[in-house]
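First comes the structure, then the notes that go with it.
The structure presented is a predicted model; accordingly, all values stated were derived computationally and were not measured. We use all heavy atoms of the structure for the numbers below, so side chains are in, but hydrogens, waters and symmetry mates are not.
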Amino acid sequence: LAERELEPDDGDDYFALVGVKYFADGALGSRGAALAADYSDDPGNRGLFVTPPDVLDRAVGIAAKSGWQVATHAIGDAGVHATLDAYQHAIEAAPGQDLRLRVEHAQVMTSDDIVRMGKLGVIASMQPTHATSDMPWAEARLGPERIKGAYAWRRVLDAKGFIVAGSDFPVEDVSPLAGIYAAVTRADAQGQPAGGWYPDQKLTLDEAIFAFTAAPAVAGFVEDYRGHLAPGMVADLTVYDRPLVADHTLLDAHVDATIVGGELVYERG
C-alpha cells in the first residue's frame, strides 16, 4: 500500500473500495489456526501464522495511517491476540480517528482478549454457522477449557463487544436465515443437539437480526442511511412469507420480495 500509494475510494451506493484484508493464521478444521498451546488432538502442533505478527503489525499500521479500514482473518487464540496487538498499536497511533478495525472470524479467544476487544472497540466479524458446522470436532481440537472461548457470542456481547454477523460464503450457506437460525439455536438443521451446543452463548432473535442488518452498516460506515428501517433511510429490505421466530421455522421461511434502494428487485413467483 505504501509503495503504490493507493487511496481508498468511496465509490457509489453499490460498490466502494475502502478496506484491506490481511490473514493472521489458518483454519481450525485443518489445524492451521494459530493457538497459544498445542492442539488437544495433535500434540506438538500449534497451527501457523500466515503473516508473522511483526509483519502484520507493520502492515496494519501502514494501512490505517493511509486511511484504509483493516479486516484481519484470525481464528486461533494466538492469531487473534497478535491481531489485537497490531490493532491496539494502530489505535494508539491515531487517537480520535474512527478506524472500525475488524477481526474476521475471531473463533477462539482467551477471556482477556474478549475483554480487550470490547475495550478497544474492535469489531468481531463472526459467522454463526461456523459454530454449528464445527461443533462435531471443535472441542477435540481445543479441549474442554479453550472451547469456552470459542464461538463465544454471548461472552463478546457481555464484554461490550460489537458483533457483525455474516455467512463466510462460499465456505458456508449464503442464506442469512441459516445464520440467524444458528445464532439463536446453536443447533444443526435437524435440531441437534437438543437445546443447542453450549446454549449459554446463544443470541436472541433481535440480537441476531441486528448482527445481520444494522451492525454491518456500522462496520461499513453507512449507519446514517442504511441498516434499519426508518424515515429518511435507504429502503433496503427483505419480505418473508411469515413472521420470524427463534426456532426451526426459520429454515422453512421463503423470501417473498427483495427491495434494494427502494426498488423491487425480486418477487417470488
Side-chain angles (χ1 to χ4, degrees), residues 100 102-107 109 114-115 117-119 121-135 148-169 172-189 191-262:
R100 303 193 193 185
R102 290 163 43 180
V103 179
E104 297 299 317
H105 312 310
Q107 285 182 13
M109 293 187 282
I114 289 175
V115 171
M117 179 177 282
K119 288 182 176 180
V122 170
I123 295 168
S125 176
M126 308 174 86
Q127 296 73 40
T129 53
H130 281 329
T132 51
S133 293
D134 297 356
M135 63 185 179
K148 296 175 183 177
Y151 319 94
W153 314 319
R154 177 58 52 201
R155 293 184 68 186
V156 171
L157 292 184
D158 287 347
K160 309 302 181 185
F162 189 84
I163 294 176
V164 169
S167 68
D168 202 26
F169 178 82
E172 299 279 358
D173 187 338
V174 72
S175 168
L177 285 191
I180 291 173
Y181 170 78
V184 300
T185 67
R186 291 181 71 96
D188 63 19
Q192 297 299 316
W197 183 59
Y198 289 93
D200 60 316
Q201 296 305 306
K202 292 178 183 177
L203 299 181
T204 67
L205 182 61
D206 284 347
E207 288 169 340
I209 292 174
F210 180 90
F212 274 92
T213 55
V218 173
F221 292 89
V222 296
E223 72 273 18
D224 289 342
Y225 56 95
R226 290 188 186 275
H228 63 274
L229 301 180
M233 303 290 283
V234 175
D236 295 334
L237 61 145
T238 303
V239 181
Y240 289 100
D241 65 349
R242 67 195 71 196
L244 301 183
V245 182
D247 59 25
H248 197 275
T249 59
L250 286 167
L251 299 181
D252 300 323
H254 294 284
V255 175
D256 276 345
T258 305
I259 298 170
V260 178

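Summarising the geometry, atom CZ belonging to Arg186 is positioned 15.5 Å from atom CD belonging to Gln192; distances are rounded to the nearest 0.5 Å. Rounded to the nearest 0.5 angstrom, Thr129 OG1 and Asp188 CG are separated by 12.5 Å. Rounded to the nearest 0.5 Å, atoms CD1 (Ile114) and CE (Met109) are 4.5 Å apart. Separating the OG1 atom in Thr185 from the CG atom in Leu250 is a distance of 8.0 Å, to the nearest 0.5 Å.
Residues Thr132 and Ala182 share a closest heavy-atom pair of OG1-CB, 3.8 Å. Here the closest non-hydrogen pair linking Ala187 and Gly191 is CB-C, 3.8 Å. Scanning all heavy atoms of the two residues, the minimum distance from Ala106 to Met126 falls at O-CE, 3.5 Å. Closest heavy-atom contact between Ala217 and Gly227: CB-CA, 3.7 Å. The shortest non-hydrogen separation linking Ala165 to Pro128 is CB-CD, 4.0 Å. Taking both residues in full, the closest heavy atoms of Ala124 and Met117 are given as CB-SD, 3.6 Å, listed atom of the first, atom of the second, then distance.
Contacts of Arg102 classified as salt bridge (charged side-chain N to carboxylate O under 4.0 Å, His left out), with partners at least two apart in sequence or in another chain: Glu104. Partners of Lys160 under the salt bridge (charged side-chain N to carboxylate O under 4.0 Å, His left out) rule, at least two apart in sequence or in another chain, do not exist in this structure. Ser167 is linked by a side chain to side chain contact (heavy atoms under 4.5 Å, CB included) to Phe169, Val174, counting only residues two or more places apart in sequence or in another chain. Applying the side chain to side chain contact (heavy atoms under 4.5 Å, CB included) test to Pro199 and every residue at least two apart in sequence or in another chain returns Lys202. Remark: Glu207 pairs with Arg154 by the salt bridge (charged side-chain N to carboxylate O under 4.0 Å, His left out) rule, at least two apart or across chains. The side chain to side chain donor-acceptor pair (under 3.5 Å) search around Asp247 returns Thr249, not counting sequence neighbours. Not counting sequence neighbours, the partners of Lys119 by the side chain to side chain contact (heavy atoms under 4.5 Å, CB included) test are Val115. Applying the side chain to side chain contact (heavy atoms under 4.5 Å, CB included) test to Asp168 and every residue at least two apart in sequence or in another chain returns His105, Gln127, His130, Val171. Asp173 meets the salt bridge (charged side-chain N to carboxylate O under 4.0 Å, His left out) test with no other residue; sequence neighbours excluded.
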Show which side-chain atoms of residues 234-246 pair as donor or acceptor with protein atoms under 3.5 Å away, not counting sequence neighbours.
from, atom 1, to, atom 2, distance (Å)
Asp236, OD1, Arg226, NH1, 3.3
Asp236, OD1, Gly261, N, 2.7
Asp236, OD2, Arg226, NH1, 2.3
Asp241, OD1, His254, N, 3.1
Arg242, NH2, Asp252, O, 3.0

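Between Ile123 and Val103, every side-chain heavy-atom pair lies at or beyond the 4.5 Å cut-off. Under the 4.5 Å side-chain criterion, counting only non-hydrogen atoms from C-beta, Val184 is not in contact with Thr204.
Listed by first then second residue, pairs satisfying side chain to side chain donor-acceptor pair (under 3.5 Å) with a partner in residues 212-224 read Arg100-Glu223, not counting sequence neighbours. Screening residues 196-233 for ring-ring contact (aromatic ring centres under 6.0 Å, His included), with sequence neighbours left out, gives Tyr151-Trp197.
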For this session: Carefully, step by step, assess Gln201 and Lys148 under the rule side-chain contact (heavy atoms from CB on, under 4.5 Å).
Result: CA-CA 9 Å; Gln201 296 305 306; Lys148 296 175 183 177; over 6 Å; no
